[in-house]
*Asks:* 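Got a structure for you, written out below as structure tokens; questions coming shortly.
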Amino acid sequence: MSDHVPARPTSARDRHGRGLRGPAVLPGPLTPQGPPRRPSRRDRFDEVVLDVLSALEARWSTELGLVEFAIEETPLMPADWSAPTVPLGSLVPGSGSTPSRVVLFRRPIEMRCETPGDLGALVYTVLVEQVAELLGRRPEDIDPRAGE
């Protein structure tokens with residue numbers, strides 16, 4: 001008989017081998033699906049983008065009707081990229097039945113922000129610039145606050 005005992009996973013069990021227990025982790029009468037999960041950084045970023053986008057779409061809904069908005073983690077940079085900065089957003093013009101697409105890059109935007117207010121302001125700036133480029137207008141035409 002071997003004396004070798006397989007190692008238990010330490011992340012799911014406590015020192016008594018029971019694992020996490022109690023109302024904080026188990027379903028109960030007030031939380032039948034279990035405790036609510038905390039929003040991730042990605043979830044918070046998506047909420048900020050949706051807030052800013054809803055304000056822009058309220059004003060420019062007819063022009064932005066067929067435009068898709070997307071969020072990607074980081075841009076794909078070509079091997080010969082020589083600019084000192086990383087793009088924060090991108091505009092992919094539509095063709096034929098393919099709609100135009102405005103893409104925000106989450107990680108480069110987050111890396112430039114220190115507070116949630118900074119994040120909202122930078123997302124707003126990037127979206128206004130991309131929409132202005134898409135519509136062939138100045139950012140001040142899209143939102144007068146952009147010139148401030």
Side-chain angles (χ1 to χ4, degrees), residues 8-15 17-148:
R8 292 186 305 210
T10 57
S11 61
R13 302 276 181 200
D14 64 5
R15 66 188 181 116
R18 293 188 196 117
L20 299 174
R21 304 178 347 166
V25 294
L26 296 176
L30 299 177
T31 56
Q33 287 80 27
R37 85 177 169 87
R38 290 178 32 172
S40 67
R41 292 178 75 170
R42 181 179 299 152
D43 295 336
R44 289 189 295 271
F45 186 84
D46 291 349
E47 288 176 21
V48 169
V49 171
L50 288 174
D51 288 344
V52 171
L53 195 54
S54 65
L56 285 175
E57 283 186 326
R59 184 168 179 200
W60 298 95
S61 60
T62 55
E63 288 86 350
L64 296 177
L66 298 175
V67 176
E68 291 182 352
F69 292 90
I71 299 170
E72 293 184 10
E73 291 294 306
T74 58
L76 294 174
M77 307 300 286
D80 61 346
W81 183 262
S82 61
T85 60
V86 174
L88 304 178
S90 174
L91 173 64
V92 181
S95 62
S97 63
T98 305
S100 297
R101 191 170 193 200
V102 174
V103 182
L104 296 179
F105 300 117
R106 182 179 74 85
R107 298 290 293 155
I109 291 174
E110 284 181 337
M111 295 298 289
R112 287 171 175 78
C113 299
E114 293 183 15
T115 66
D118 292 345
L119 180 63
L122 187 55
V123 166
Y124 167 80
T125 302
V126 173
L127 273 175
V128 166
E129 288 174 355
Q130 296 301 318
V131 168
E133 183 179 341
L134 174 68
L135 300 179
R137 301 177 185 239
R138 298 177 317 161
E140 296 82 23
D141 296 338
I142 301 301
D143 195 329
R145 295 178 292 175
E148 296 176 359

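Keep in mind that the numbers below use all heavy atoms, side chains included, and drop hydrogens, waters and symmetry copies.
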*Asks:* State whether the number of non-hydrogen atoms from other residues, nucleotides or ligands found under 6.0 Å of Arg41 atom CZ is greater than 12.
*Replies:* no
*Asks:* Could you give the distance from CG (Asp51) to CG (Asp46), rounded to the nearest 0.5 Å?
*Replies:* 11.0 Å
*Asks:* Of all the heavy-atom pairs spanning Leu88 and Leu122, show the shortest one and how long it is.
*Replies:* CD1-CD1, 4.0 Å
*Asks:* Quick one: CD on Glu63 to CG on Leu56, what's the gap to the nearest 0.5 Å?
*Replies:* 12.0 Å
*Asks:* Can you give me the closest heavy-atom contact between Leu91 and Glu133, atom names plus distance?
*Replies:* CD2-CG, 3.8 Å
*Asks:* Is the backbone N or O of Ala121 less than 3.5 Å from a side-chain atom of Thr125, with the two atoms forming a donor-acceptor pair by type?
*Replies:* yes
*Asks:* Might you confirm whether atom CD of Glu73 has over 12 heavy atoms from other residues, nucleotides or ligands at distances under 6.0 Å?
*Replies:* yes
*Asks:* Hey, does the side chain of Arg112 reach the backbone of Pro108 with a donor-acceptor pair shorter than 3.5 angstrom?
*Replies:* yes
*Asks:* Looking at every heavy atom in both Pro87 and Trp81, which two are closest together, and how far apart are they?
*Replies:* CD-CZ2, 3.9 Å
*Asks:* Quick check for you: to the nearest 0.5 Å, what is the distance between Met111 atom CE and Arg106 atom CZ?
*Replies:*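 So the gap between those two atoms works out to 11.0 Å.
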*Asks:* Could you tell me if the side chain of Phe69 sits less than 4.5 Å from the side chain of Val102, heavy atoms only?
*Replies:*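 Contact flag for Val102/Phe69 side chains = yes.
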*Asks:* On a heavy-atom basis, which atom in Trp60 and which in Asp141 lie closest, and how many Å separate them?
*Replies:*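 Shortest heavy-atom contact: CZ2-O, 3.2 Å.
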*Asks:* Of all the heavy-atom pairs spanning Val128 and Pro139, show the shortest one and how long it is.
*Replies:* CG1-O, 3.7 Å
*Asks:* Taking CZ in Arg44 as the centre, count heavy atoms belonging to other residues, nucleotides or ligands within less than 6.0 Å. Is the count above 12?
*Replies:* yes
*Asks:* Supply the atom-to-atom distance Leu135 CG to Ile142 CD1, rounded to the nearest 0.5 angstrom.
*Replies:*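 Taking CG in Leu135 and CD1 in Ile142, the distance rounds to 4.5 Å.
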*Asks:* If you compare all heavy atoms of Phe45 against all heavy atoms of Val123, which two are closest, and at what distance to 0.1 Å?
*Replies:* CE1-CG2, 3.9 Å
*Asks:* To the nearest 0.5 Å, tell me how far Arg107 CZ sits from Arg42 CZ.
*Replies:* 9.5 Å
